[in-house]
Amino acid sequence: MVLRSKIIDVTRKPRKCPVCGERVVDIIYGTGDMTEFEFFMKYRRDGMMGGDNIPRRPPIWACVCGCRRFRKVNEDGTDAPVKVKMLKDIRKKPARLINWETTAASESMEAGRLEDLHKYEVEVETELGEKGTLYITACNVDDAEQEAKEIVNSGLSGLEGNVCVSTKVKELKETVKVDQ
């Protein structure tokens, strides 16, 4: 049996893993015990957690399933100078990049009642005065407003505050797209 290294030397970031075909993401160092899910919910980005210890020849990309990591090298195979991604340098992507879906919208979709689905933009404000915008697929305005409050109150919005004190709901006139 031939054992293959879990770290593959590459000259540039691969689009997908040559072993499993999954997409390749950045490895984020300085993350402590943070999980990929916690990182995604806080920063709204994909990434693999590299922990606090940075190896001498660090891999800088990883397959999302974790089967392989990738180290950047020069064309001649020598180590390329790299700057590792550190958690302290990562900025959050805006919450508007996530399209949330209510339970009622999911049920309508499963039942084939696509005409019931509407897309809403919900501006929320927390008890700390923070403001954010959420995009929610829902069956009606009340459904979207309730979902926005639950997202903020459960801490999934990425905002520091966890009490939603106000909402402003606006229906978007775009068509809800359904993946089939």
Contacts of [X] that satisfy side chain to side chain donor-acceptor pair (under 3.5 Å) - sequence neighbours left out:
X      : result
Asn162 : none
Glu147 : none
Glu36  : none

Consider only side-chain heavy atoms of I, L, V, M, F, W and Y, link residues closer than 4.5 Å, and tell whether [X] and [Y] are in one cluster.
X      : Y      : answer
Leu87  : Tyr29  : no
Val10  : Met48  : yes
Ile136 : Val169 : yes
Val73  : Ile8   : no
Ile54  : Ile60  : yes

Taking everything shown except [X] itself, do over 12 heavy atoms lie less than 6.0 Å from its [atom1]?
X      : atom1 : result
Glu115 : CD    : yes
Lys92  : NZ    : yes
Lys13  : NZ    : yes

Spacing of [X] atom [atom1] and [Y] atom [atom2] [to the nearest 0.5 Å]:
X      : Y      : atom1 : atom2 : result
Lys72  : Lys83  : NZ    : NZ    : 14.0 Å
Cys17  : Arg68  : SG    : CZ    : 6.5 Å
Glu123 : Ser166 : CD    : OG    : 9.0 Å

*Begin with the C-alpha distance, continue with both residues' side-chain angles, and end with the deciding distance and a verdict on side-chain contact (heavy atoms from CB on, under 4.5 Å) for Val84 and Met86.*
CA-CA 6 Å; Val84 297; Met86 298 295 293; 3.9 Å; yes
*For Asp116 and Arg113, run side-chain contact (heavy atoms from CB on, under 4.5 Å): C-alpha distance rounded to whole Å, both residues' side-chain angles, the deciding distance at 0.1 Å, then the answer.*
CA-CA 6 Å; Asp116 291 349; Arg113 296 188 316 268; 3.0 Å; yes
At their closest point, which heavy atom of [X] faces which heavy atom of [Y], and how far apart are they?
X      : Y      : answer
Ser108 : Cys139 : OG-SG, 3.4 Å
Ala80  : Asn74  : CB-OD1, 3.4 Å
Ala148 : Val122 : CB-CG1, 3.5 Å

Side chains of [X] and [Y]: closer than 4.5 Å at any heavy-atom pair?
X      : Y      : answer
Lys85  : Asp89  : no
Phe40  : Arg45  : no
Val124 : Leu134 : yes
Met109 : Leu117 : yes
Thr133 : Glu121 : yes
Ile7   : Phe70  : no
Val163 : Val152 : no
Glu130 : Glu125 : no

*Side chains of Thr167 and Glu145, donor plus acceptor under 3.5 Å*: yes
_Listed once per pair and sorted, the salt bridge (Lys or Arg N to Asp or Glu O under 4.0 Å) pairs that draw on residues 56-66, sequence neighbours left out_ = Arg57-Asp79
*Is a donor on one side and an acceptor on the other found under 3.5 Å between the side chain of Asp76 and the backbone of Thr78?*
yes
*Quick one: do Glu171 and Lys119 satisfy side-chain contact (heavy atoms from CB on, under 4.5 Å)? Show the steps, please.*
CA-CA 6 Å; Glu171 183 172 358; Lys119 192 160 185 180; over 6 Å; no
Just list the side-chain donor-acceptor pairs under 3.5 Å for residues 20-27, sequence neighbours left out, or say none.
{"from": "Arg23", "atom 1": "NH1", "to": "Asp46", "atom 2": "OD2", "distance (Å)": "2.8"}
{"from": "Arg23", "atom 1": "NH2", "to": "Asp46", "atom 2": "OD2", "distance (Å)": "3.4"}
{"from": "Asp26", "atom 1": "OD1", "to": "Trp61", "atom 2": "NE1", "distance (Å)": "3.3"}

_If the condition is salt bridge (Lys or Arg N to Asp or Glu O under 4.0 Å), which residues does Arg69 pass it with, not counting sequence neighbours?_
none
*Can you name the one residue among Asn99, Thr102, Asp143 that meets side-chain hydrogen bond (donor to acceptor under 3.5 Å, both in side chains) with Thr137?*
Asn99
*Between Tyr120 and Leu172, does a side-chain contact (heavy atoms from CB on, under 4.5 Å) hold up when you go through it step by step?*
CA-CA 5 Å; Tyr120 297 95; Leu172 301 175; over 6 Å; no
